[in-house]
2 protein chains.
Amino acid sequence: MTQKATFDLEDFLPYLLTQAAEASSLEFQQHYKGRYGMLRTEWRVLFHLGRFGAMTAKEICARSGIHKTKVSRAVAALERKRYLSREVLETDRRLESLGLTPMGERVFADLLGAAQRFDSAMTAHFTDQEEAVLRRCLTRIARLP
Amino acid sequence: MTQKATFDLEDFLPYLLTQAAEASSLEFQQHYKGRYGMLRTEWRVLFHLGRFGAMTAKEICARSGIHKTKVSRAVAALERKRYLSREVLETDRRLESLGLTPMGERVFADLLGAAQRFDSAMTAHFTDQEEAVLRRCLTRIARLP
DNA sequence: CCTTGTTAGTTACAAAACCAACTAATATCC
DNA sequence: GGATATTAGTTGGTTTTGTAACTAACAAGG
């Protein structure tokens with residue numbers, strides 16, 4: 001990219017990314033927070049369990065990159081809401097299999113649909129080519145370190 | 001974009017945006033946090049003052065979109081660090097002109113350089129065309145609501 | 001002027017994130 | 001087999017954020 005004479009915060013990619021992320025996340029919050037009183041980490045944990053089936057907290061951490069303390073609190077919150085149930089594994093009693101309850105499954109189905117529609121509405125602003133580039137670049141940035 | 005059969009969290013744009021934003025922000029944090037003990041809002045306020053010169057807190061809010069309570073706390077923190085000084089305006093004594101001290105200017109110059117290098121290093125992973133699309137899409141998303 | 005309304009900025013309190021220490025169960029190694 | 005180390009998950013204490021109420025200065029209408 002040709003170098004600019006001035007450098008504003010809007011030219012700084014981490015800033016641009018943060019602004020875009022906040023704008024889109026805030027809007028989608030309405031669905032999981034407004035309708036189900038869930039926090040973002042709870043929604044993400046619910047998603048993983050709904051999408052991939054029962055697993056341990058450790059596996060959720062590995063898949064999502066969320067820290068174990070956040071997962072632990074999200075699991076406790078989802079359990080209080082009766083969206084999730086635990087079962088200690090007899091093969092290794094440190095481990096708990098975490099699974100969605102029928103109610104949790106219904107919430108997941110609802111939020112999954114909302115997420116798909118939200119995503120479609122967002123990408124409708126772009127051409128197929130733009131969207132492909134956007135997703136590719138974001139994926140690469142997310143894996144940078 | 002052609003519809004996918006399955007929908008994973010990685011396909012959800014707000015999630016992808018958040019992951020990319022966190023990855024890039026975390027890395028750049030080292031500069032302002034590691035070297036100067038600053039929080040992100042402090043860095044952003046410092047940037048605006050360095051880039052555009054002295055202004056009131058209200059103007060920082062308008063330019064940056066940061067809420068006034070966060071600006072208020074960031075200003076107080078920057079003042080404690082002696083990077084910023086205030087001057088009550090006699091024309092309207094509710095207003096304070098906020099400006100960087102010489103030390104604040106030095107910190108700004110250092111961080112500005114770091115930001116430019118960081119940005120260049122990031123965009124080096126993309127073609128000019130990809131970068132243009134990326135920035136355009138992000139800007140549009142950031143202004144969605 | 002002098003009540004009423006607005007604006008700039010701060011502060012107080014509650015919600016949430018962060019980090020580090022902790023418990024309980026299992027694995028390892030002599 | 002028993003001390004030591006690891007691993008899964010939780011909890012406590014501190015920082016940071018968010019929200020809403022607050023103060024001080026100015027503005028406007030009567």
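Chain identifiers are assigned alphabetically (A, B, ...) following the order of the sequence lines, protein sequences preceding nucleic acid strands; residue numbering begins at 1 within each chain.
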Tabulate protein N/O versus nucleotide N/O from nucleotides 1-4 of chain D, keeping only pairs under 3.5 Å, one per line.
none

Note to self: Looking at A:Ser72, I'd like to know whether one of its side-chain N or O atoms comes within less than 4.0 Å of OP1 or OP2 on D:dT10.
What the structure shows: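 Yes, because at least one side-chain N or O of A:Ser72 sits under 4.0 Å from OP1 or OP2 of D:dT10.
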
Check: Does D:dA8 have OP1 or OP2 sitting under 4.0 Å from an N or O in the side chain of A:Arg86?
Finding: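 Answer is no, no contact under 4.0 Å.
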
Note to self: Test of understanding: with side-chain hydrogen bond (donor to acceptor under 3.5 Å, both in side chains), list the residues that count as partners of A:Arg117, not counting sequence neighbours.
What the structure shows: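 Expected list: none.
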
Could you state the atom-to-atom distance from [atom1] of [X] to [atom2] of [N] in whole Å?
X	N	atom1	atom2	value
B:Glu59	C:dA8	CD	P	10 Å
A:Glu87	D:dG9	CD	P	14 Å
B:Glu79	C:dT10	CD	C1'	13 Å
B:Met38	D:dT16	CE	P	13 Å
B:Met55	C:dG9	CE	P	12 Å
A:Leu95	D:dT6	CG	P	18 Å
A:Leu78	D:dT10	CG	P	12 Å
A:Leu89	D:dT7	CG	C1'	14 Å

Check: Going by the ring pair (Phe, Tyr, Trp, His ring centres under 6.0 Å) test, which pairs reach into residues 80-101 of chain B, not counting sequence neighbours?
Finding: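 For residues 80-101 of chain B, and leaving out neighbouring residues, there are no ring pair (Phe, Tyr, Trp, His ring centres under 6.0 Å) pairs at all.
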
Apply side chain to side chain contact (heavy atoms under 4.5 Å, CB included) to [X] and list each qualifying residue two or more places apart in sequence or on a separate chain.
X	result
A:Leu111	A:His31, A:Tyr32, A:Tyr36, A:Met38, A:Trp43, A:Leu46, A:Val107
B:Leu98	B:Leu49, B:Ala57, B:Ile60, B:Val75, B:Leu84, B:Arg86, B:Glu96
A:Glu130	A:Phe126, A:Thr127, B:Val133, B:Arg136, B:Cys137, B:Arg140
B:Thr101	B:Ser85, B:Met103

Check: Does a side-chain heavy-atom distance below 4.5 Å link A:Leu13 with B:Leu138?
Finding: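 Yes, side chains in contact.
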
Note to self: I want to confirm an ordering. Mapping B:Thr91 and A:Val75 to their closest nucleotides on DNA chain D, which one lands closer to the 5' end?
What the structure shows: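 With B:Thr91 and A:Val75 compared, the 5'-side residue is A:Val75.
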
Note to self: Looking at B:Arg135 and A:Asp11, is any side-chain nitrogen of the basic one under 4.0 Å from a carboxylate oxygen of the acidic one?
What the structure shows: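 Looking at A:Asp11 and B:Arg135, the cut-off is not met.
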
Margin query: According to ring pair (Phe, Tyr, Trp, His ring centres under 6.0 Å), who are the partners of A:Phe108, at least two apart in sequence or on a separate chain?
Written below: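 Once residues adjacent in sequence are excluded, the partners of A:Phe108 under the ring pair (Phe, Tyr, Trp, His ring centres under 6.0 Å) criterion are A:Phe47.
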
Item checked: ring pair (Phe, Tyr, Trp, His ring centres under 6.0 Å) against A:Phe118, all qualifying residues, sequence neighbours excluded ->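 With neighbours one apart ignored, the set is A:Phe28.
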
Item checked: Terminal helix-axis angle for the helix from C:dC1-D:dG30 to C:dC30-D:dG1, with five pairs defining each axis and rounding to 10 degrees ->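 It works out to 10° between the end axes.
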
Check: For A:Leu89, what are the other residues in its hydrophobic cluster, where any two members join if their side-chain heavy atoms are less than 4.5 angstrom apart?
Finding: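 A:Leu95, listed by chain and number.
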
Please list, for nucleotides 16-25 of chain C, all pairs of protein and nucleotide N/O atoms separated by less than 3.5 Å.
from	atom 1	to	atom 2	distance (Å)
C:dC18	N4	A:Arg73	NH1	3.2

